[in-house]
Protein chains: 2
Amino acid sequence: MTVSKTAVAEAARARKEPVEPAETTALQLGELSELLGYTLKRAQLKIFEDFLRCMAPLQLTPAQFSVLLLLEKNPGRNQTEIANTLGILRPNFVSMLDGLESRGLCERVRSTNDRRSHILLLTERGRNMLVRAKRLVANKHEARLNELLGPTNRAALLAMLTKIVNEF
Amino acid sequence: MTVSKTAVAEAARARKEPVEPAETTALQLGELSELLGYTLKRAQLKIFEDFLRCMAPLQLTPAQFSVLLLLEKNPGRNQTEIANTLGILRPNFVSMLDGLESRGLCERVRSTNDRRSHILLLTERGRNMLVRAKRLVANKHEARLNELLGPTNRAALLAMLTKIVNEF
DNA sequence: TGATAATTGTTATTCAACATATCAAATATC
DNA sequence: GATATTTGATATGTTGAATAACAATTATCA
C-alpha cells in the first residue's frame with residue numbers, strides 16, 4: 001500500500017493537527033456561494049419551510065394559499081385562467097381544485113354563457129380560511145422575514161425578485 | 001337561482017361593455033405580488049430556466065454543476081459529505097453520481113482508511129467540463145443577470161438571500 | 001347553414017425531485 | 001468481542017411538473 005494523502009491526513013490527525021481540508025471541517029462552498037441561482041433556490045426552500053410551519057394549523061400549502069388569494073381577487077374566472085396566471089398546467093390544476101373543493105373552500109360552477117368552463121368562487125368557508133391564513137402569514141411568516149431583513153431591505157429584495165420575474 | 005354576478009357580467013358583455021374584471025384582461029395578482037415566497041419561487045424558476053438554456057451545450061443541470069463545483073473545491077470527500085452540504089439525501093445522490101461518473105466527469109475511489117466510503121474526485125474530463133461550464137455561467141447566465149440588475153443590486157440581492165439561507 | 005377547428009375540463013401517463021425504510025459491509029464503541 | 005453506528009446502495013413511495021388524448025362545447029368561416 002502506498003503512502004496516500006489520506007494516510008498523511010491520518011497521521012496529522014493523530015498528532016491533532018489541522019489537516020489540509022480537515023475532515024471534520026465544513027466543506028468549502030467556494031464559487032457556489034456566489035451562484036445566484038443556487039442561493040436563490042436554498043432561500044426559497046427555507047422560506048417555504050417556514051411558510052408551512054406557520055400555516056400548519058390551517059393545513060395550507062403555498063400553492064393552495066396562492067389559489068385562494070387569486071380567487072378572492074378574481075372571482076368568477078375559470079380554471080384555465082387561474083391556473084395560467086399561477087404557472088400551473090391545467091391538468092395538474094384539476095386535482096388541486098379537487099382538494100380545495102372537497103374541503104369546502106371553493107366551488108366550481110358551470111358557466112352559463114360557456115358551458116365548457118367552470119367559474120371558480122370562494123365559499124364562505126374559503127373566505128374565512130383566507131382571513132385566518134393571511135393573519136398567520138402576516139404575523140408569523142412575513143413578520144419573521146421583516147425582523148431578519150428590515151422593511152427597507154425586504155422591499156428591495158422583493159423589488160429585485162419581481163424585476164427578475166418580469167424582465168429576465 | 002338568484003341573479004348572480006356572472007349574470008350581470010354576461011349582460012354587460014352582451015352590450016359589449018367592459019365588465020368589472022374584464023374577462024379579456026390579465027388577472028389581478030393582488031397580495032400575491034407582495035408575498036415574498038411566491039415571488040422568490042417564480043424568480044428561481046426563471047433563473048434555473050435560463051441556466052439550463054445557457055448550459056445546454058454542456059448538458060449540465062444546476063444540481064450537477066453544483067456537485068462538480070463542490071468536488072473541485074473539496075477533493076477527496078465522500079458521498080455523504082458532498083450530499084449533505086448540497087442538501088441532497090444520500091439515497092438520491094447515488095443515481096446522481098452514477099450519471100456523472102458514467103459520463104467520465106468524476107470517479108468514486110474506495111477509501112483506503114475507511115473502506116466503507118467512496119472518495120470522490122473530478123476526472124481530467126470533469127475539470128475540463130467545469131472550466132467550460134464556468135465560462136458559460138459567467139459569460140451568458142450571470143452576465144445577463146448583471147445586465148438586468150447591475151452589479152451593486154446583484155450583490156445586494158445575493159447578500160440578502162445568503163442571510164435568509166444562513167439565519168432564517 | 002354545416003363542416004372543421006379550437007377550447008375547456010378531465011383522465012391517463014410519464015418523468016424528475018424528494019423522502020423513508022432497509023440492507024450488507026465496514027468501522028466505532030465500550 | 002458483543003453491540004451500535006456509519007457508508008453506500010436498493011427499493012419504494014410521494015409529490016410536482018409535463019405531454020397526449022378525449023368528450024363536450026363553442027368558434028370559425030367556406
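Heavy-atom basis, side chains included; hydrogens, waters and symmetry copies ignored. Residue numbers start from 1 in every chain, and the chains themselves are labelled A, B, ... in the order their sequence lines are given, proteins ahead of strands.
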Is it the case that the side chain of A:Glu72 and the backbone of A:Gly126 share a donor-acceptor pair, with hydrogens and angles ignored and the cut-off at 3.5 Å? no
Students should find this one: the first and last nucleotides of DNA chain C, 5' to 3', lying under 4.0 Å from a heavy atom of chain A. What are they? C:dA6 to C:dC18
For the side chain of A:Arg108 and the backbone of A:Ile119, is there at least one donor-acceptor N/O pair under 3.5 Å apart? no
A:Asn84 atom CG is separated from D:dA17 atom C1', nearest whole Å, by 15 Å
Please examine the side chains of B:Leu161 and A:Gln44, heavy atoms only from C-beta on, and report whether any two atoms are closer than 4.5 Å. no
Donor-acceptor contact below 3.5 Å, side chain B:Ser95 vs main chain B:Asp98: no
Chi angles and distances behind the side-chain contact (heavy atoms from CB on, under 4.5 Å) call for A:Leu35, B:Phe65: CA-CA 11 Å; A:Leu35 242 198; B:Phe65 181 62; 3.7 Å; yes
Check the angle between the aromatic planes of A:His141 and B:Phe168 and answer parallel, tilted or perpendicular using the 30° and 60° thresholds. perpendicular
Give a yes or no on whether the backbone of A:Ser117 and the side-chain of A:Ser111 come within a donor-acceptor separation of less than 3.5 Å. no
Taking five pairs at each terminus, the helix from C:dT1-D:dA30 to C:dC30-D:dG1 shows an axis bend, to 10°, of 20°
What is the distance, to the nearest angstrom, from the CE atom on A:Met96 to the C1' atom on D:dG16? 11 Å
B:Glu34 side chain to B:Glu31 backbone, donor-acceptor under 3.5 Å: no
Summarise how protein sits on nucleotides 3-13 of chain D as a single string, 5' to 3': B when a protein heavy atom is under 4.0 Å from the base, S for sugar-phosphate-only contact, - for no contact. --BBSSBBB--
Report yes if the side chains of B:Gln64 and B:Arg103 come closer than 4.5 Å at any heavy-atom pair, otherwise no. yes
Is A:Thr39 reaching over with its side chain to a backbone N or O of B:Leu158, donor-acceptor style, under 3.5 angstrom? no
